[in-house]
Amino acid sequence: MPELHYRTCHLCEAMCGLEITLDGHSIERIAGDPHDPFSRGHICPKALALADLHEDPDRLKSPVFKKGERWISMSWNAAFDLVAERVVDLQARHGRDAVATYTGNPAVHNYGSLLHGQLLRHALGTRNNFSATSLDQLPHMLASYLMFGHQLRLPVPDIDRTQLLVIVGANPAVSNGSLMTAGDIKADLKGIRRRGGRVVVIDPRRTETARIADRHIFIRPGTDAALLAAIVRRIMTHHGARFGRLASFVDGVETLAAAIAPFTADAVSAATGIDEATIHTIADDLVTADSAVIYGRVGVCTQRFGGLCAWLLNVVNAVAGRLDEPGGSMFATPAVDLAGLSRHIGLKGSYATRFSRVYGWPEFSNELPTPALAEEIRTPGQGRIRGLITSAGNPVLSSPGGHRLADALDDLDFMASIDIYVNETTSHADVILPPTFGLEHDHYDVVFHALAVRNSAKYSPAAWPRSAEQRHDWEIYTALARRIERARPATGLGRLRRWAIDPIFALLGRAEPAHIIDLMLRGGPHRLSLSQLKSSPHGVALGPLQSTLPGALDTPSRRIALAPTPFIEDLPRLVDRLSEPRPGLTLIGRRGLRSNNSWMHNVPRLVKGKSSCTLLMHPHDAVQRGLTDGQAVKVATESGEIVVPVELDENLMPGVVCLPHGWGHDRPGVKLRVAADHAGASSNDVIRPVVDPVSGTACLNDVPVDVSAA
Ligand SMILES: Nc1nc2c(c(=O)[nH]1)N[C@H]1C(S)=C(S)[C@@H](COP(=O)(O)OP(=O)(O)OC[C@H]3O[C@@H](n4cnc5c(=O)[nH]c(N)nc54)[C@H](O)[C@@H]3O)O[C@H]1N2
Ligand SMILES: Nc1nc2c(c(=O)[nH]1)N[C@H]1C(S)=C(S)[C@@H](COP(=O)(O)OP(=O)(O)OC[C@H]3O[C@@H](n4cnc5c(=O)[nH]c(N)nc54)[C@H](O)[C@@H]3O)O[C@H]1N2
Ligand code: SF4
Ligand SMILES: [Mo]
């Protein structure tokens, strides 16, 4: 008898509801769940790949260690002992910071990893923690921390009610929405237009989103902060800042007004490539529409002015009277309220309390910028990284200067990876500890319910029994944390006390993730419980976004800090940008619907057909360089060079070229048989490992490059 399971897809942020048919031996069918109140039946091609990932013969299911060129099976106990012994030894000889961690994106989509990963970090006690955050949303978290007092108090656009959505540097029609979890984002964008509202896209490429919008405006890469400052200035001088209900809870209005004075529309027009009248119209429309919100993502985060962009997006919404208003920029009220609960235990965030050893880049929430990792491994001296534990990440492909990081990994004394594949990063490890995947474990979206455009909750039990040899991520973290604590040369009493009185060990060390979620649901704003969610397998709708300010503010003053000093002090750098000479060609990134960062290219149905790892270039730029469509070209910077086919595309702004990331699977040691035949090249081999100095976020867009015939 076929069995039906209902589940939330965990592959991207959209939280689509799935209906999965199992026949006992295999996954028979994966379809959208029309009864899921959040996603209403939507899925994308990646959801079907869950079955392929599940059955992938290259997927690891039990631990392996490297012996020469070979990987040899080992028992879980032996693997845990080996990692604990090596880590404790390195830390005893060189200090706690000698062992680093890197945590990748899928950890955020896996609540067991998210919760119990803290145990491992805690047991290690290292300050050398790295993650995909500094390759991604860090600027938004920093802006929230400095303006609203909590790194997780991240606003989302209320797309169900807005009449004007301005999108800067995001492509939700392909990404399915980021920091804007919506289920079926394309339907929602169309819904705005159907009710007479408008969608405007500002992007150096006429993207798939721009093609379904009312208006697309080209912008020169890396100049968004200047545009946003000019929008703020126009609103403040022409309309007056209008904070509405929040007027008596805002600090820094005068500081802001003075600091943005140089950014007239006229002053930023040449650099941004947007004329003065258009800038005024964007600003005026944001104020005069019935409701409005400006929203930006990866294109404005991962560039030289990421911090300023994230801050100014919030400022535009605030001065236009759109913050915390229906149809504007609002905050979710999630059933598991991580931000609300963590405000009581000191996890609101931290910033620049220390700086990375080699480059002096700022810490954020006990993490350092990932582009610093390679040099922290290679540079001798006190505090050098000699051991590394990666989990759910592939920084060799995902971080700038990836090829140099790959070399650096070989300099480590010890490396362990918690991952399901021998990929470009984990192939450098001494031991790989593979967790269960997808259907084999239960699921609750702790993070993305909190970033959703409407409130809902859904729990998905495991749909497929794991085999006796498999371990969940959270079990791996817990076991490693316990062994590391036990292997440390501390007094027995000290160890005992740590597990008994340290709040992280006391809770996470004893409870399964589902139990913790139950407690959090009960203590959350909707007073739900796990058993209630279990009896609603399609999920429960919890209503539209609600106004939450000023109550949800966590700044010491309990007011909105409109003009945080780190951002104000960074504005002169932006003024200098206005007169910078323009490079010949500048590189930006893109995502593909049938791809998910670096790790789904071993799925035949997603990689079949024409390669998507191509360099997009405007025909004018190609003619100037004597290049023709499909020709192999060399993309070069002082950091490295790669060869890819060029694809001529009039949707690109002249002077801008565009490459996807996450490719380059033909590296030695990688065991991904399908991906090897569709290797492509890694854009991060040409992108320099540098950061926006304020936020410490990687500059992955607006990278000057040379392109010539290969
Ligand atoms: N040039 C450029 N670079 C970029 C970006 C860009 O736009 N341009 N985007 C950046 C962004 S936004 C991100 S988020 C990063 C992503 O960067 P990373 O998180 O470093 O890399 P991923 O490609 O997501 O790799 C995820 C790894 O997790 C493993 N995995 C999958 N599921 C699980 C699981 O349940 N448990 C465990 N333990 N492992 C699992 C996969 O096998 C894979 O090895 O890339 C960044 N890099
Ligand atoms: N299909 C698919 N979906 C995904 C992913 C995937 O790899 N594939 N990855 C997931 C992840 S980890 C994330 S973080 C999200 C990201 O979600 P999004 O941010 O929506 O996705 P991107 O495609 O990176 O969009 C960035 C946009 O910024 C533009 N851009 C580049 N530089 C600039 C600039 O200087 N200024 C402006 N204004 N625009 C610029 C690019 O042209 C691009 O359209 O997507 C998630 N969803
Ligand atoms: S859009 Fe994202 S969540 Fe929805 S089916 Fe596709 S990968 Fe899964
Ligand atoms: Mo991301």
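- Between the CG atom in Leu308 and the CZ atom in Phe567 there is a gap of 7.0 Å [rounded to 0.5 Å].
- A heavy-atom distance below 4.5 Å is not found between the side chains of Arg198 and Gln163.
- Using a 4.5 Å heavy-atom cutoff, the side chains of Leu652 and Cys658 are in contact.
- Taken to the nearest 0.5 Å, the CD1 atom of Ile294 stands 11.0 Å off from the CG atom of Asp285.
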Exercise. Which is it for Val707 and Leu615 under the side-chain contact (heavy atoms from CB on, under 4.5 Å) test, yes or no, and what are the steps along the way?
Worked result: CA-CA 10 Å; Val707 178; Leu615 181 81; 3.9 Å; yes
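- Between Thr370 and the choices Thr133, Leu405, Leu135, the side-chain contact (heavy atoms from CB on, under 4.5 Å) rule is met once, by Leu135.
- Every side-chain hydrogen bond (donor to acceptor under 3.5 Å, both in side chains) that Thr209 has, sequence neighbours left out, goes to Asn171.
- A salt bridge links Arg161 with Asp158; the closest basic N to acidic carboxylate O contact falls under 4.0 Å.
- Checked by atom type, the side-chain pair Ser178/Arg297 shows a donor-acceptor distance below 3.5 Å.
- The main-chain N or O of Ala261 is found under 3.5 Å from a side-chain atom of Arg233 such that the two form a donor-acceptor pair.
- With hydrogens and angles left out, the side-chain atoms of Asp203 and His216 include no donor and acceptor closer than 3.5 Å.
- Asp702 approaches Gly222 most closely through the heavy-atom pair OD2-CA, 3.5 Å.
- Summarising the geometry of Leu700 relative to Ile687, their closest heavy-atom pair is O-CD1, 3.7 Å, with the distance given to 0.1 Å.
- In summary, the side chains of Thr379 and Glu375 do present a donor paired with an acceptor at a separation below 3.5 Å, with no hydrogens or angles considered.
- Closest heavy-atom contact between Asp224 and Val300: CG-CG1, 3.5 Å.
- Under 3.5 Å, the side chains of Arg591 and Ser612 contain no donor-acceptor pair of N or O atoms.
- Asn596 is linked by a side-chain hydrogen bond (donor to acceptor under 3.5 Å, both in side chains) to nothing, counting only residues two or more places apart in sequence or in another chain.
- A 4.5 Å side-chain heavy-atom check between His618 and Asp621 finds at least one atom pair inside the cut-off.
- Thr353 is linked by a side-chain hydrogen bond (donor to acceptor under 3.5 Å, both in side chains) to Glu363, counting only residues two or more places apart in sequence or in another chain.
- Using a 4.5 Å heavy-atom cutoff, the side chains of Leu593 and Asn176 are in contact.
- To the nearest 0.5 Å, atoms CD1 (Ile231) and CD1 (Ile274) are separated by 7.5 Å.
- Here Arg559 pairs with Asp251 under the salt bridge (Lys or Arg N to Asp or Glu O under 4.0 Å) rule; sequence neighbours left out.
- Remark: His661 NE2 to Asn597 CG distance equals 4.0 Å, nearest 0.5 Å.
- You'll find the side chain of Leu227 stays beyond 4.5 Å of the side chain of Phe263, heavy atoms only.
- Evaluation of the salt bridge (Lys or Arg N to Asp or Glu O under 4.0 Å) test over residues 348-360, restricted to residues two or more places apart or in two chains, returns Arg357-Glu376.
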Problem set entry | Stepwise side-chain contact (heavy atoms from CB on, under 4.5 Å) check, Leu585 with Met617 | CA-CA 9 Å; Leu585 286 173; Met617 180 185 263; 3.8 Å; yes
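- Neither side chain, Thr333 nor Gln546, offers a donor N or O lying under 3.5 Å from an acceptor on the other.
- There is a side-chain donor-acceptor pair under 3.5 Å between His239 and Asp284.
- Not a single donor-acceptor pair under 3.5 Å links the side chain of Ser356 to the backbone N or O of Leu368.
- Residues passing the salt bridge (Lys or Arg N to Asp or Glu O under 4.0 Å) test with Glu367, sequence neighbours excluded: Arg121.
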For this session: List the steps and the verdict of side chain to side chain donor-acceptor pair (under 3.5 Å) for Thr278 and Asp275.
Result: CA-CA 6 Å; Thr278 302; Asp275 63 74; 2.9 Å; yes
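- No side-chain heavy atom of Leu165 sits under 4.5 Å from any side-chain heavy atom of Val200.
- Summarising the geometry of Asn105 relative to Ala132, their closest heavy-atom pair is N-CB, 4.0 Å, with the distance given to 0.1 Å.
- For Arg206, there are no salt bridge (Lys or Arg N to Asp or Glu O under 4.0 Å) partners two or more places apart in sequence or in a different chain.
- Taking CD from Glu13 and CE from Met180, the interatomic distance works out to 9.5 Å, rounded to the nearest 0.5 Å.
- The backbone N or O of Ala210 sits less than 3.5 Å from a side-chain atom of Thr207, completing a donor-acceptor pair.
- You'll find the side chain of Cys301 stays beyond 4.5 Å of the side chain of Leu138, heavy atoms only.
- Under the 4.0 Å criterion applied to side-chain N and carboxylate O atoms, Arg304 and Glu580 are assigned as salt-bridge partners.
- Judged as a ring-ring contact (aromatic ring centres under 6.0 Å, His included), and not counting sequence neighbours, His403 has no contacts.
- Here Arg688 pairs with Glu638 under the salt bridge (Lys or Arg N to Asp or Glu O under 4.0 Å) rule; sequence neighbours left out.
- Under the 3.5 Å distance criterion, the side-chain polar atoms of Ser598 are left unmatched by any main-chain donor or acceptor of Gly662.
- A 4.5 Å side-chain heavy-atom check between His140 and Leu313 finds at least one atom pair inside the cut-off.
- A donor-acceptor pair shorter than 3.5 Å cannot be found between the side chains of Glu325 and Asn317.
- The structure places CG of Leu648 at 7.5 Å from OG1 of Thr628, a figure rounded to the nearest 0.5 Å.
- Contact record, Ala681 with Val643: CB-O, 4.0 Å, taken as the closest heavy-atom pair.
- Partner of Asp324 under the side-chain contact (heavy atoms from CB on, under 4.5 Å) criterion, out of Ile560, Leu545, Leu549: Leu549 alone.
- If you check the side chains of Asp692 and Ser695, you find a donor sitting under 3.5 Å from an acceptor.
- For the 3.5 Å distance criterion, the side chains of Ser639 and Arg404 qualify, holding a donor opposite an acceptor.
- Within the structure, salt bridge (Lys or Arg N to Asp or Glu O under 4.0 Å) contacts touching residues 162-190 (residues at least two apart or in different chains) are Arg40-Asp188, Asp188-Arg454.
- Evaluation of the side-chain hydrogen bond (donor to acceptor under 3.5 Å, both in side chains) rule for Thr237 yields no partner, not counting sequence neighbours.
- The shortest heavy-atom contact between Trp663 and Leu397 is O-CD2, 3.5 Å.
- Pairs engaging residues 145-187 under the ring-ring contact (aromatic ring centres under 6.0 Å, His included) rule: Phe148-Phe331 [sequence neighbours left out].
- In summary, the side chains of Ser134 and Thr697 do not present any donor paired with an acceptor at a separation below 3.5 Å, with no hydrogens or angles considered.
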